[in-house]
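Data block below; observations after.
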Amino acid sequence: MIRESVTGLAGLASGRTRYLRGLASLARIGAVYARGRGRSLSERHHQAADIATQLCRANGGFWVKAAQFFSCRPDVLPLEYIHAFQQLQSDAQPVEFSRIARVLTKSWGKDWRDTFLWFEETPIAVASIAQVHRAKLKDGQEVAVKVRLPAVKRLFEQDAKVFQALAAIAAPRFREFDLRQAIEQLLAMTATELDFRNEAANTLRFSRQPHPERIRIPELVKPLCCERILVSSWEGGNRLRQHLDQHPEEAADLLGVLLSSYLQQVTRFGVYQADPHPGNFLVNDQGQVVILDFGAIGVLNPDEVRRYSRLLFGLMGFEGQVDIGELFYQAGFRGGSPDTLRELAMYVLTDKLNQQGPVGAMGDLMERFREERISIPDSYIGISRVLITLGGFLMTYNVPFDWRPPELRRSNG
């Protein structure tokens with residue numbers, strides 16, 4: 001206990017500049033809402049969201065990742081914050097190659113260039129914890145080389161303590177949402193992602209599932225993978241969002257493929273890609289959707305798969321005559337009786353389903369559960385975050401949310 005406290009204080013001290021910047025920004029955001037007379041709530045959200053976005057951009061690294069995480073949480077934050085944080089999904093700055101080369105040398109040895117015919121020093125993608133370079137191996141295979149950014153692990157260890165402290169300060173303002181729980185989930189997910197050996201194992205596990213032909217998973221080059229580096233097959237194609245902006249007539253087809261895949265991952269495989277960031281999907285020349293980045297996957301045991309499948313499809317009417325409250329209770333929701341769970345579910349679904357669609361109704365249902373202090377299983381929060389994020393993607397391109405189970409999709413075309 002004493003050691004953890006000392007470590008926490010050391011982390012705050014090391015990250016004091018980012019911590020003080022965070023405290024100052026929280027104070028400014030508080031002032032925006034406190035002195036908001038004569039201004040609409042939306043206007044205050046816009047101003048506060050801009051302050052938060054500037055903070056994350058200035059602090060970089062994990063702060064950008066946190067903004068990206070919450071930019072996919074329309075169930076948590078107002079849309080003004082979602083739109084502001086989306087600016088940080090693709091504006092990360094690359095690290096100069098001389099520093100990346102030192103990581104490659106430390107991991108592969110000084111003769112690492114002998115493994116390649118060529119290696120592009122300008123990255124083709126940059127994220128908050130890594131950047132990706134295109135290269136060609138001596139055997140002619142083109143590959144994507146994902147390299148962990150220098151010092152990112154040390155900075156994360158500092159920022160973890162900073163985020164925990166700031167979450168404790170800000171939590172009282174988020175009464176309908178357990179901010180501390182979300183931060184702990186984000187910290188745990190990021191700690192796992194920082195070791196690329198975990199991502200390699202996740203990629204192998206995910207790729208072994210019987211995915212449909214129009215879903216493609218990159219193939220690992222296992223001998224070159226290690227803690228700081230992940231090497232996989234080069235996957236050509238355009239980012240999904242870019243492709244849909246250029247070909248909006250393909251939105252229903254491609255997003256239908258993606259949604260069907262995720263429902264299959266959750267309700268049949270029990271293994272799902274847990275970070276449906278728009279940048280993690282490509283469309284290749286064969287019309288396949290390529291899923292990238294397996295730093296975070298969700299894993300359900302067979303009993304959870306069965307219970308969550310019944311719950312999700314029961315909510316949408318595909319399980320016949322079922323007791324919705326009992327399904328919630330069986331799925332691990334606690335803090336209310338099955339009658340309470342049933343009443344809340346039916347209130348939201350009957351009143352909101354036709355008005356807002358399944359995604360809006362699901363978000364409202366989660367909010368009502370939080371208001372009633374009903375404990376939501378961590379695994380369900382992960383699933384709902386994924387489905388709500390995908391639902392937001394579908395809404396952007398005006399594509400209906402098709403909840404049909406995989407077997408009904410096959411039989412009905």
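If you read the sequence from its start, that first residue is 1, and numbering goes on from there. Computed from a predicted structure; not experimentally measured.
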task: Name all residues meeting the side-chain contact (heavy atoms from CB on, under 4.5 Å) criterion together with L137; count only those two or more places apart in sequence or in a different chain, and write none if there are none.
output: T115, F116, D139, Q141, V143, V221, L224
message: Holding to salt bridge (Lys or Arg N to Asp or Glu O under 4.0 Å), I want the full list of residues that pass it with D195, two or more places apart in sequence or in another chain.
response: R197
message: Let me confirm one number: the OG1-CZ distance from T190 to F163, rounded to the nearest 0.5 Å.
response: 9.0 Å
- prompt: Considering only heavy atoms from C-beta outward, does the side chain of Q131 approach that of V95 to under 4.5 Å?
  reply: yes
field: By salt bridge (Lys or Arg N to Asp or Glu O under 4.0 Å) - contacts of R268 (at least two apart)
entry: E407
message: Whether the E80 and Q47 side chains hold a donor-acceptor pair (N or O, under 3.5 Å, no angle test) is what I'd like checked.
response: no
- request: Apply side-chain contact (heavy atoms from CB on, under 4.5 Å) to Q286 and list each qualifying residue two or more places apart in sequence or on a separate chain.
  value: N284, Q288
- request: Kindly say whether the aromatic ring centers of Y308 and Y380 come within a distance under 6.0 Å.
  value: yes
- request: Would you please name every residue forming a side chain to side chain donor-acceptor pair (under 3.5 Å) with S261, sequence neighbours left out?
  value: Q265
- request: Look at the side chain of S260 and the backbone N and O of G256, then say whether any donor-acceptor pair between them is shorter than 3.5 Å.
  value: no
message: Holding to salt bridge (Lys or Arg N to Asp or Glu O under 4.0 Å), I want the full list of residues that pass it with R208, two or more places apart in sequence or in another chain.
response: none
Sequence neighbours excluded - salt bridge (charged side-chain N to carboxylate O under 4.0 Å, His left out) pairs with any residue from residues 280-296: K146-D293
- prompt: Which residue pairs pass the salt bridge (charged side-chain N to carboxylate O under 4.0 Å, His left out) test when at least one of the two sits in residues 295-314, sequence neighbours left out?
  reply: D303-R306, D303-R307, R310-E319
field: By ring-ring contact (aromatic ring centres under 6.0 Å, His included) - contacts of F294 (at least two apart)
entry: F206
- prompt: Should the ring pair F97 and H133 be called parallel, tilted or perpendicular, given that the plane angle runs from 0 to 90° and is split at 30 and 60?
  reply: perpendicular
message: If we count only N and O atoms by modelled type, under 3.5 Å, do the side chains of E120 and T122 hold a donor and an acceptor together?
response: no
- prompt: Between Y262 and Y272, does the ring centre distance come in under 6.0 Å?
  reply: no
For residues 213-220, which side-chain N or O atoms pair as donor and acceptor with protein atoms under 3.5 Å away, sequence neighbours left out?
unit_1: R214; atom_1: NE; unit_2: G287; atom_2: O; d: 3.2
unit_1: R214; atom_1: NH1; unit_2: D253; atom_2: OD1; d: 2.9
unit_1: R214; atom_1: NH1; unit_2: D253; atom_2: OD2; d: 3.2
unit_1: R214; atom_1: NH2; unit_2: D253; atom_2: OD2; d: 2.9
unit_1: R214; atom_1: NH2; unit_2: G287; atom_2: O; d: 3.0
unit_1: R216; atom_1: NE; unit_2: E235; atom_2: OE1; d: 2.7
unit_1: R216; atom_1: NE; unit_2: E235; atom_2: OE2; d: 3.2
unit_1: R216; atom_1: NH2; unit_2: E235; atom_2: OE2; d: 3.1

field: Any residue meeting side-chain contact (heavy atoms from CB on, under 4.5 Å) with E142, in chain and number order, not counting sequence neighbours
entry: W118, R134, K136, W234
- request: Sequence neighbours left out, what passes salt bridge (Lys or Arg N to Asp or Glu O under 4.0 Å) with E250? Give chain and number order.
  value: none
